Amino acid sequence: MIYSATKLAYKQYSDTDLIARIIEGDHPLYEIIVRRYNPYLYKIGRTYGFNHEDTEDLMQNTYLNAFYSIQQFKNKATFKTWITRIMLNQCYQSRLTMNKKGITNSAYSPDQFEQSKPENESAMDEGSMIRKELGHLIETAINQLPDPYKIVFTLRELNQHTVAETAELLSITESNVKVRLNRAKAMIKANLYSKYGPENVFEFNEVYCDRIVTRVLDKIL
């Protein structure tokens, strides 16, 4: 079943209003919570190195744990911080279990992307293709960061937590958050520059070259 009855009310309720009504028994409104926080939790799971399917499982467990313990939410922190903490714990426990069993994370790889391309990708406009490729380049650079820097970058830059919230979530000082974020940005920049030099920027792909040749020769021959 696809739940969409509350989709139009997505921006109508604040987290505080939603939680109050959910606690009172209006459980269908939890759909809005799920829709609202899917992008944030997904980024956390991928940052921890889990693949798409495993991340979805962790997200589901997080939402279920949050729902069944929602009365414990006391508004001492934002709901975003509270549910992020649950997701972080899910990722930590899952990785701990995998390490004990000698299982490695099957995280995203470029090969997986190539195999999962939609059949109609050739119909994508050039701007969409460039944005898609850039997104994968940045994802790869982030995935290559050491874990302490990777999670700080995700919480601060991708999920827009404040310095104070990030420090609280990771049990580190605010100064450490700032230092790790700056180092993460520097490493990402260095990674991108090391792989893609000036000759790769606005590269005139051979496909485009063939197209121009055809257009010109059609005019002059």
Side-chain angles (χ1 to χ4, degrees), residues 1-101 103 105 107 142 147-178 180-181 184:
M1 179 183 295
I2 299 175
Y3 294 91
S4 58
T6 58
K7 191 171 183 179
L8 295 177
Y10 181 86
K11 296 181 180 180
Q12 180 179 340
Y13 302 102
S14 67
D15 286 348
T16 302
D17 293 334
L18 284 170
I19 293 165
R21 294 189 58 173
I22 291 167
I23 290 175
E24 291 172 358
D26 197 350
H27 296 167
L29 285 179
Y30 198 65
E31 176 192 343
I32 300 178
I33 291 290
V34 176
R35 291 184 183 279
R36 184 171 289 172
Y37 288 100
N38 274 340
Y40 299 108
L41 300 191
Y42 185 77
K43 290 182 178 72
I44 292 171
R46 297 309 300 272
T47 295
Y48 262 86
F50 294 100
N51 63 23
H52 176 81
E53 291 76 14
D54 290 339
T55 297
E56 285 193 334
D57 290 341
L58 291 165
M59 291 166 65
Q60 176 179 307
N61 291 339
T62 295
Y63 286 126
L64 291 175
N65 286 342
F67 178 79
Y68 289 119
S69 60
I70 201 164
Q71 293 192 20
Q72 298 175 21
F73 177 65
K74 304 297 183 182
N75 283 314
K76 292 181 180 179
T78 63
F79 182 80
K80 180 179 178 181
T81 299
W82 188 70
I83 200 167
T84 295
R85 186 179 291 113
I86 296 175
M87 181 67 177
L88 288 171
N89 186 59
Q90 288 287 323
C91 292
Y92 173 77
Q93 293 298 332
S94 182
R95 177 183 278 186
L96 197 63
T97 300
M98 293 172 70
N99 288 342
K100 288 180 179 179
K101 294 180 178 180
I103 303 172
N105 288 351
I142 293 172
D147 286 347
Y149 302 102
K150 188 191 304 182
I151 192 61
V152 166
F153 184 86
T154 296
L155 293 176
R156 282 287 292 121
E157 293 296 309
L158 304 185
N159 284 355
Q160 298 295 298
H161 282 283
T162 65
V163 172
E165 288 172 341
T166 303
E168 180 186 354
L169 284 166
L170 301 179
S171 299
I172 60 178
T173 66
E174 293 185 17
S175 295
N176 277 338
V177 170
K178 295 176 183 177
R180 292 183 188 183
L181 179 61

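Given the structure is predicted, the values throughout are model-derived calculations rather than measurements.
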Side chain to side chain contact (heavy atoms under 4.5 Å, CB included) test vs I33 passes for just one of D15, I70, N38, namely D15
Between [X] and [Y]: side-chain donor-acceptor atoms closer than 3.5 Å:
X: Y37; Y: N159; result: no
X: T81; Y: T78; result: yes
X: S14; Y: D17; result: yes

Which distance, rounded to the nearest 0.5 Å, do you find between the CZ of F50 and the CZ of R95?
6.0 Å
At what distance, to the nearest 0.5 angstrom, does CD of E157 lie from CG of L181?
5.0 Å
Return the minimal non-hydrogen interatomic distance between K80 and H161, and the atom names on each side.
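Closest pair (atom of K80, atom of H161, distance): CG-CE1, 3.6 Å.
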Check V177 against V152 and note the closest heavy-atom contact, atom names and distance.
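Taking every non-hydrogen atom into account, O-CG1, 3.6 Å.
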Any non-hydrogen side-chain atom of F73 less than 4.5 Å from a side-chain atom of I83?
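Sidechains of I83 and F73: no contact.
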Does M98 reach the side chain of S94, with side-chain heavy atoms less than 4.5 Å apart?
yes
Qualifying residue, where the test is ring-ring contact (aromatic ring centres under 6.0 Å, His included) with Y30 and the options are F79, F67, Y13, Y68:
F67
Between K178 and E174, is the closest basic N to carboxylate O distance under 4.0 Å?
no
Begin from the C-alpha positions of E165 and R156 and carry the test salt bridge (Lys or Arg N to Asp or Glu O under 4.0 Å) through to its verdict.
CA-CA 9 Å; E165 288 172 341; R156 282 287 292 121; over 6 Å; no
